[in-house]
Student: 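Okay, handing you the structure first.
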Amino acid sequence: MKRKYFDSFLLMSAFLLPFYFVYSPRLNENRSDPFIKTLWRFTFAGFCFYGIAALTTLVIQKMLGA
């Protein structure tokens, strides 16, 4: 049960802190492991999320004329 919570915490962290997880050695150890593949997906989704958030912020600033 503890492992399940730890894995869930890792997935949330990979989404919220993708810059940290790119350099995690665990991601490059066994790329055929299903959990590692999921961790890579969450890391990529985190980068996409921050990119969309930055783009939205820039568009809103341009629209408001700031």
Side-chain angles (χ1 to χ4, degrees):
M1 192 66 149
K2 289 182 182 180
R3 180 72 180 177
K4 180 181 173 184
Y5 289 126
F6 180 72
D7 287 348
S8 296
F9 175 73
L10 276 179
L11 291 175
M12 286 187 298
S13 298
F15 182 76
L16 296 173
L17 303 167
F19 304 101
Y20 171 75
F21 276 86
V22 168
Y23 299 108
S24 175
R26 184 173 178 191
L27 285 178
N28 297 315
E29 286 178 358
N30 186 6
R31 290 188 180 234
S32 62
D33 182 20
F35 180 71
I36 298 299
K37 288 181 181 180
T38 305
L39 203 57
W40 268 115
R41 288 184 191 125
F42 271 75
T43 303
F44 181 71
F47 278 115
C48 290
F49 172 74
Y50 283 115
I52 291 170
L55 185 64
T56 303
T57 303
L58 289 173
V59 168
I60 290 174
Q61 284 181 351
K62 290 289 182 181
M63 287 176 59
L64 294 177

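The figures here come from the full heavy-atom set of this structure, side chains too, leaving out hydrogens, waters and symmetry mates. All values reported here derive from a predicted model rather than from experimental measurement.
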Student: Of the non-hydrogen atoms in Asn30 and Ser32, which two are nearest, and what is the gap between them?
Tutor: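 That would be OD1-OG, 2.8 Å.
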
Student: Not counting sequence neighbours, which residues clear side chain to side chain contact (heavy atoms under 4.5 Å, CB included) with Phe47? List them please.
Tutor: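 Side chain to side chain contact (heavy atoms under 4.5 Å, CB included) check on Phe47 returns Pro18, Phe19, Val22, Thr43.
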
Student: Between Tyr50 and Leu16 (side chain of the first, backbone of the second, donor and acceptor by atom type, cut-off under 3.5 Å), is there such a pair?
Tutor: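 Yes, because the side chain of Tyr50 sits within donor-acceptor range (under 3.5 Å) of the backbone of Leu16.
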
Student: How would you list, by chain and number, every residue that makes a salt bridge (Lys or Arg N to Asp or Glu O under 4.0 Å) with Asp33, sequence neighbours excluded?
Tutor: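 Not a single residue meets the salt bridge (Lys or Arg N to Asp or Glu O under 4.0 Å) criterion with Asp33.
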
Student: Report the residues that fulfil salt bridge (Lys or Arg N to Asp or Glu O under 4.0 Å) with Arg31, sequence neighbours left out, ordered by chain and then residue number.
Tutor: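 Salt bridge (Lys or Arg N to Asp or Glu O under 4.0 Å) check on Arg31 returns nothing, list empty.
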
Student: Would you mind reporting whether Leu10 and Phe21 have side-chain heavy atoms less than 4.5 Å apart?
Tutor: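 Sidechains of Leu10 and Phe21: in contact.
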
Student: Given Ile60, which partner from the list Leu64, Leu58, Thr57 fulfils the side-chain contact (heavy atoms from CB on, under 4.5 Å) test?
Tutor: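 Checked Leu64, Leu58, Thr57 against Ile60; only one passes side-chain contact (heavy atoms from CB on, under 4.5 Å): Leu64.
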
Student: Out of curiosity, does Phe6 fall in the hydrophobic cluster containing Leu17 (side-chain heavy atoms, cut-off under 4.5 Å, transitive links)?
Tutor: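 Yes, because Leu17 and Phe6 connect within a single hydrophobic cluster, where side-chain heavy atoms sit under 4.5 Å apart.
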
Student: Counting heavy atoms not belonging to Tyr20, are there more than 12 under 6.0 Å from its OH?
Tutor: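 Atom OH in Tyr20 is not packed in, count stays at 12 or less.
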
Student: Could you give the distance from OG (Ser13) to CG (Leu39), rounded to the nearest 0.5 Å?
Tutor: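 Nearest 0.5 Å value for the OG-CG distance: 9.5 Å.
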
Student: Using side-chain heavy atoms (C-beta onward) and a distance below 4.5 Å, is Phe35 in contact with Leu11?
Tutor: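 Yes, at least one pair of side-chain atoms sits under 4.5 Å.
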
Student: Got a second to check how far Ile36's CD1 is from Trp40's CH2, nearest 0.5 Å?
Tutor: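 Here the interatomic distance stands at 9.5 Å.
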
